[in-house]
Amino acid sequence: MSKRLSPQLQHNITEDTYCETHLEPTRLFCDVDQITLCSKCFQSQEHKHHMVCGIQEAAENYRKLFQEILNTSREKLEAAKSILTEEQERMAMIQEEEQNFKKMIESEYSMRLRLLNEECEQNLQRQQECVSDLNLRETLLNQVIKLATELEEMFQEMLQRLGRVGRENMEKLKESEARASEQVRSLLKLIVELEKKCGEGTLALLKNAKYSLERSKSLLLEHLEPAHITDLSLCHIRGLSSMFRVLQRHLTLDPETAHPCLALSEDLRTMRLRHGQQDGAGNPERLDFSAMVLAAESFTSGRHYWEVDVGKATRWQVGIYHSSADTKGSTARASGEKVLLTGSVMGTEWTLWVFPPLKRLFLEKKLDTVGVFLDCEHGQISFYNVTETSLIYNFSHCAFQGALRPVFSLCIPNGDTSPDSLTILQHGPSCDATVSP
């Protein structure tokens with residue numbers, strides 16, 4: 001409560017108004033009732049307990065408050081514009097992403113159908129002695145038709161689920177875009193009003209000042225954040241083809257291509273990081289740009305599958321490596337192309353990336369075993385979560401020429417001791433890998 005008159009009351013008044021009741025100049029301002037007062041009004045019981053100060057002082061106080069809100073409004077406007085742009089970009093992005101996942105589902109379906117037909121043909125060949133039995137042959141063919149129908153139905157359901165999630169995401173983003181657009185419009189209007197208010201004279205500024213202030217603050221209290229959408233990678237393609245076991249390749253690591261900081265097991269199936277680095281100078285086949293090693297085996301045709309235990313590594317890569325056959329030495333290393341799945345852990349958070357292009361994938365839990373399928377004829381490379389029996393990601397219509405070699409990598413440590421290791425898994429009786437010093 002303030003009843004003391006400011007010494008500046010007698011001057012700096014650029015606008016004079018008069019009290020209609022007492023016919024005296026109104027040089028005071030009641031903040032409670034938001035009206036100007038003369039000296040006699042000031043002494044009345046009506047304003048006895050109200051906050052009263054000089055008009056000039058009140059105007060300057062409100063001018064400062066309006067300026068603070070104006071500055072905050074400008075900052076919030078930039079944030080709202082950023083969210084608006086982000087939502088518009090995300091709408092375009094998820095449409096493209098949905099098309100990519102649709103192609104991935106269709107590619108996976110075509111591959112599994114091919115493997116199913118091949119498996120059924122092999123079953124028929126194993127029953128060659130019974131080919132004359134038409135009933136048996138018809139039974140086998142009916143099984144093929146049934147399995148193919150079930151496969152088609154499963155993938156059609158996946159496409160429908162993908163479309164449903166895509167529509168839900170688009171609706172959420174459109175609603176978020178509308179909210180952001182409305183807030184941008186409201187803030188632009190508010191900024192214009194506040195700029196006008198700050199530039200007005202004393203009496204004009206004080207008119208409805210408290211109402212304008214409260215309305216401005218209420219708008220700034222509105223919280224805006226990007227829409228929460230469902231990651232399309234949650235639309236998992238479940239199951240692994242039984243033909244993968246037939247196509248399983250017994251790979252080994254090629255010591256000639258191992259990075260100096262890698263130690264390989266005696267059976268050449270396990271790689272880990274070592275403390276010291278061996279001198280790799282003079283060997284043009286070494287992959288010196290990272291802690292990588294190639295498989296000794298290479299593929300130019302056919303279909304191939306292998307599995308890698310990544311559960312003991314915090315940062316790893318698996319995939320395929322290709323370099324032109326007519327290049328040698330450092331030129332070969334520079335011209336090499338890779339298709340990679342990368343996993344890493346920061347604290348308790350696991351992330352997955354595929355390349356190329358670099359794209360982050362959603363990961364529900366720690367990944368222990370990765371399956372890699374390569375179809376040279378159809379240019380398809382697929383990565384699987386073997387534990388969860390689901391597709392992680394696939395690349396189709398890859399245009400590689402020449403030999404393709406599986407590649408494995410651990411991140412080079414920054415001087416720290418790391419127990420990280422990768423192991424190529426084999427079927428059949430297992431044996432412990434002994435890592436050479």
Side-chain angles (χ1 to χ4, degrees), residues 249-298 306-323 330 332-334 336-355 358 360-361 363 365-372 383-387 392 405-426 430-437:
R249 303 301 176 225
H250 290 189
L251 302 181
T252 54
L253 302 172
D254 181 6
E256 297 299 316
T257 63
H259 189 278
C261 75
L262 292 176
L264 307 184
S265 62
E266 292 180 0
D267 62 4
L268 299 179
R269 290 197 298 112
T270 297
M271 56 186 281
R272 68 166 176 79
L273 296 169
R274 69 165 87 240
H275 294 295
Q277 293 190 10
Q278 295 179 350
D279 183 12
N283 189 342
E285 294 302 318
R286 284 193 185 276
L287 299 175
D288 292 326
F289 51 85
S290 65
M292 284 190 172
V293 59
L294 296 177
E297 296 75 17
S298 62
W306 60 95
E307 293 180 356
V308 187
D309 180 0
V310 298
K312 297 178 181 178
T314 54
R315 285 175 289 182
W316 52 265
Q317 290 180 328
V318 297
I320 64 154
Y321 176 87
H322 164 262
S323 61
S330 60
R333 295 198 300 276
E337 297 181 57
K338 298 182 291 294
V339 177
L340 298 170
L341 173 69
T342 300
S344 65
V345 61
M346 296 294 289
T348 59
E349 182 182 353
W350 283 87
T351 57
L352 279 182
W353 302 81
V354 288
F355 174 86
L358 188 63
R360 184 173 180 174
L361 304 178
L363 184 63
K365 60 178 70 174
K366 180 177 178 289
L367 187 58
D368 290 319
T369 305
V370 175
V372 185
F383 297 100
Y384 296 90
N385 183 335
V386 176
T387 306
I392 298 173
R405 299 177 70 178
V407 64
F408 313 88
S409 176
L410 293 171
C411 184
I412 299 176
N414 297 320
D416 299 326
T417 302
S418 173
D420 284 14
S421 66
L422 289 183
T423 299
I424 303 172
L425 299 178
Q426 307 282 15
S430 62
C431 58
D432 294 332
T434 303
V435 179
S436 59

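In this structure, Arg249 and Glu297 have side chains that are not in contact, with every pair of non-hydrogen atoms separated by 4.5 Å or more. A 4.5 Å side-chain heavy-atom check between Thr257 and Val407 finds every atom pair outside the cut-off. Inter-residue side-chain proximity for Val370 and Trp316 is flagged as met; some heavy-atom pair is nearer than 4.5 Å. The shortest side-chain heavy-atom distance between Leu340 and Met292 falls under the 4.5 Å cut-off. Put simply, the side chain of Leu425 does not reach to within 4.5 Å of the side chain of Val386, judged on heavy atoms. Side-chain contact between Val293 and His259: absent, with no pair of heavy atoms (C-beta onward) separated by less than 4.5 Å.
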Verify side-chain contact (heavy atoms from CB on, under 4.5 Å) between Val354 and Thr342, making sure each step is shown before the conclusion.
CA-CA 6 Å; Val354 288; Thr342 300; over 6 Å; no

Run the side-chain contact (heavy atoms from CB on, under 4.5 Å) test on Gln317 and Lys338 for me, step by step, so that the C-alpha distance in whole Å, both residues' side-chain angles and the decisive distance to 0.1 Å come before the verdict.
CA-CA 11 Å; Gln317 290 180 328; Lys338 298 182 291 294; 5.6 Å; no

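Between Leu410 and Arg272, the closest heavy-atom pair is CD1-CA, 3.9 Å. The shortest non-hydrogen separation linking Arg405 to Ser298 is CG-CB, 3.4 Å. The two residues Gly319 and Trp306 come nearest to each other via the heavy atoms O-CZ2, 4.0 Å. Considering all non-hydrogen atoms of both residues, Ala313 and Ser421 come closest at CB-O, 3.7 Å. In terms of heavy atoms, Leu264 sits closest to Ala258 at CD1-CB, 4.1 Å. Annotation for Val318 and Phe408: closest pair CG1-CD2, 4.2 Å, computed over non-hydrogen atoms.
Atoms CG and OG, on Leu253 and Ser265 in that order, are 6.5 Å from each other to the nearest 0.5 Å. Going from atom CG of Asp309 over to atom CG of Asp368 covers 7.0 Å, rounded to the nearest 0.5 Å. Between the CG atom in Leu352 and the CG atom in Leu341 there is a gap of 5.5 Å [rounded to 0.5 Å]. Here the CG-CD distance, from Leu251 to Gln426, works out to 7.0 Å after rounding to the nearest 0.5 Å.
Formation of a donor-acceptor pair under 3.5 Å by the Arg315 side chain with backbone atoms of Ser344 is not found in this model. Side-chain N or O atoms of Lys366 include none that pairs as donor or acceptor with a backbone N or O of Trp350 at under 3.5 Å. Side-chain N or O atoms of Asp420 include one that pairs as donor or acceptor with a backbone N or O of Thr314 at under 3.5 Å.
Tested against Thr270 for a side chain to side chain contact (heavy atoms under 4.5 Å, CB included), the candidates Ile424, Leu422, Thr423 yield a single pass: Thr423.
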